[in-house]
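I have placed the structure first, in the form of structure tokens, so that the comments after it can refer back to it.
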Amino acid sequence: MTSSERQPENPASGGAEKHAWFSQDRLGMFIHWGLYALGARHEWLKNREELTDEHYQRYFDNFDPDLYDPKEWARRARLAGMKYVVVTTKHHEGFCLWDSKVTDYKAPNTPCGKDLLAPLVEAFRAEGLKIGFYYSLLDWHHPDFPIDVHHPLRNHPDAKALNAGRNIANYAAYMREQVRELLTGFGRIDIIWFDFSYPGREYRGLPGKGRADWESERLVELVRDLQPGIIVNNRLDLPPGSLPDVTTPEQYTPRVAPAITSQGVLWEACHTFSGSWGYHRDEDTWKSPEQIIQLLIDSVALGGNLLMNVGPTGRGTLDARAISALEVYQNWMAVNGRSIYGAGPSRYPVPAGCRYTQRGNRLYLHVYNWPYRHIHIEGLADRISYAQFLHDASEVHWLSHAKDVDSNIGVTVPEGMITLELPVRRPDVTVPVIEIVLKA
């Protein structure tokens with residue numbers, strides 16, 4: 001490696017300090033974009049429909065995102081309160097958004113005729129977002145990638161014979177060269193998001209793939225050498241004892257914070273606004289505004305981040321449904337962001353139908369189920385100095401022990417509890433937040 005290839009070392013590279021920005025920022029944008037956007041029926045369509053390379057070629061031959069404006073994507077991400085982006089440089093289909101020197105299966109060779117990754121990196125950096133690259137370990141186009149359980153040709157009658165000339169070591173070397181390109185050609189990269197391993201998934205005598213196939217340890221060594229300050233995710237099937245920088249539960253909200261061998265880990269949930277990662281014209285399970293906001297709160301309340309996905313169209317635009325979903329974050333984060341950025345779990349027992357996040361002496365009560373007039377809170381008696389709605393800073397009163405709730409029947413606030421007094425009607429906020437200032 002020449003000196004010109006090495007990126008400047010992150011001054012916060014080492015231990016927990018390297019990750020400090022990640023736990024501060026909390027919300028990121030995931031972007032799944034590739035040839036599958038033209039099929040417009042799921043990013044795994046080549047797998048699901050068992051399409052051959054010849055059939056799938058129609059998408060390569062017609063890929064021309066003439067309305068692509070990464071500055072608009074970046075602007076919407078910033079307005080939505082997102083602080084970093086992770087983009088699919090290469091998904092399982094093997095198609096590359098950048099001008100890779102080791103393959104012809106890339107955006108500059110389509111009717112598009114240009115590198116699509118460089119302007120995206122520039123646009124998101126200009127909006128102040130950190131940069132992450134997703135890179136698929138799978139590649140359904142590469143001639144040396146052996147057919148397996150996830151390959152489109154898995155049910156081909158001659159699948160085993162077709163594997164005879166494929167050499168996974170050649171493919172692993174190819175991956176390293178592409179990762180070298182990604183980590184030396186675009187400046188400082190903050191995250192590399194590898195996807196995914198499945199060593200135990202044998203299918204009809206076709207073995208799955210894991211660390212031995214990817215040569216994962218060698219790949220990580222290369223990544224660390226090129227970008228010492230980078231965050232690497234957990235999907236390389238690294239040996240036991242090799243804790244990842246970040247653990248990535250997918251389309252799932254944990255009940256408790258994830259842990260590995262009883263050790264707490266940095267983690268990030270990744271979710272979609274709809275049921276598909278890539279653009280899906282006819283998919284109709286888009287999440288409600290409440291679900292979108294609650295996914296973020298639920299993650300931060302357990303000490304995690306949220307990486308929320310958009311799937312741009314084949315013309316390079318965000319469709320109206322994705323824009324509306326981003327605007328849900330935009331409107332909520334504009335007034336409630338301080339309950340998210342730099343916040344994390346709280347040790348206090350949370351009332352039913354609510355979630356806590358906490359930052360220093362500020363406790364944030366996110367009210368999922370709006371009650372009639374009162375929320376009863378344990379563990380805060382004599383601890384509160386002030387309370388207010390976060391969206392408008394309007395005061396919230398509370399009753400302490402021995403004060404009557406209903407003098408007609410002698411109901412008082414139990415010892416050790418306080419009772420917040422709320423308006424009958426829920427504020428016009430997707431999820432209202434009450435900021436409780438604790439005494440020093």
Side-chain angles (χ1 to χ4, degrees), residues 28-40 42-43 45-46 56-78 82 84-127 129-136 138-142 174-175 177-195 276-281 307 309-319 322-323 326:
M29 174 180 275
F30 215 171
I31 300 175
H32 275 65
W33 195 39
L35 300 180
Y36 43 80
L38 272 67
H42 203 278
E43 72 284 351
L45 73 93
K46 188 175 184 181
Y56 205 73
Q57 184 66 24
R58 66 183 65 185
Y59 304 128
F60 185 89
D61 293 341
N62 289 282
F63 186 71
D64 187 13
D66 58 317
L67 300 180
Y68 175 50
D69 183 0
K71 293 180 180 179
E72 174 64 8
W73 298 6
R75 184 184 72 87
R76 290 199 174 275
R78 175 183 58 78
M82 293 161 166
Y84 59 99
V85 64
V86 177
V87 59
T88 54
T89 62
K90 184 199 80 167
H91 201 257
H92 312 329
E93 63 183 1
F95 175 72
C96 300
L97 293 183
W98 81 101
D99 190 12
S100 175
K101 301 300 184 290
V102 294
T103 184
D104 293 329
Y105 204 54
K106 56 187 178 181
N109 290 348
T110 67
C112 166
K114 59 186 177 184
D115 183 312
L116 297 172
L117 186 58
L120 184 148
V121 170
E122 181 181 357
F124 277 82
R125 276 211 188 102
E127 291 287 358
L129 277 75
K130 291 183 170 61
I131 305 298
F133 286 164
Y134 168 111
Y135 184 86
S136 175
L138 287 67
D139 194 320
W140 301 327
H141 181 81
H142 197 282
Y174 169 81
M175 284 201 299
E177 286 308 304
Q178 289 209 313
V179 168
R180 182 183 297 277
E181 290 178 351
L182 289 170
L183 298 187
T184 59
F186 299 90
R188 164 74 178 277
I189 304 302
D190 301 285
I191 300 170
I192 189 158
W193 218 98
F194 291 111
D195 193 30
S276 176
W277 297 92
Y279 176 63
H280 197 317
R281 184 190 61 204
L307 188 60
N309 182 77
V310 294
T313 72
R315 294 196 70 182
T317 60
L318 300 177
D319 79 328
I323 289 172
L326 288 170

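Only this structure's heavy atoms are used, side chains among them; waters, hydrogens and symmetry mates stay out.
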Q: Scan residues 106-120 for pairs that pass salt bridge (charged side-chain N to carboxylate O under 4.0 Å, His left out), counting only residues two or more places apart or in two chains.
A: D99-K106
Q. Do side-chain atoms of W73 reach the backbone of G316 as a donor and acceptor pair under 3.5 angstrom?
A. yes
**Q.** side-chain contact (heavy atoms from CB on, under 4.5 Å) partners of E177, counting only residues at least two apart
**A.** V102, R180
Q) For the residue pair W193 and Y134, does the interplanar ring angle fall in the parallel (under 30°), tilted (30 to 60°) or perpendicular (over 60°) class? A) parallel
Q: Check side-chain hydrogen bond (donor to acceptor under 3.5 Å, both in side chains) between Y68 and all other residues, then give those that pass, not counting sequence neighbours.
A: none
Q. Who passes side-chain hydrogen bond (donor to acceptor under 3.5 Å, both in side chains) against Y84, sequence neighbours left out?
A. E268, N305
Q) What residues, two or more places apart in sequence or in another chain, satisfy ring-ring contact (aromatic ring centres under 6.0 Å, His included) together with F133? A) F186
Q: Return the set of residues passing side-chain hydrogen bond (donor to acceptor under 3.5 Å, both in side chains) with W98 (not counting sequence neighbours), or none when no residue passes.
A: E181
Q | For A77, all residues meeting side-chain contact (heavy atoms from CB on, under 4.5 Å), sequence neighbours excluded | A | M29, M82, F124, L129
Q: Check side-chain contact (heavy atoms from CB on, under 4.5 Å) between T317 and all other residues, then give those that pass, not counting sequence neighbours.
A: L67, T313
Q.
Suppose the criterion is salt bridge (charged side-chain N to carboxylate O under 4.0 Å, His left out): which pairs have a residue in residues 60-76, not counting sequence neighbours?
A. D66-R315, E72-R75, E72-R76, R76-E327
Q) Which residues satisfy the side-chain hydrogen bond (donor to acceptor under 3.5 Å, both in side chains) test with R58, sequence neighbours excluded? A) H55
Q.
Among residues at least two apart in sequence or on other chains, which ones pass ring-ring contact (aromatic ring centres under 6.0 Å, His included) with H141?
A. Y105
**Q.** L38: side-chain contact (heavy atoms from CB on, under 4.5 Å) partners, not counting sequence neighbours
**A.** Y59, N62, F63
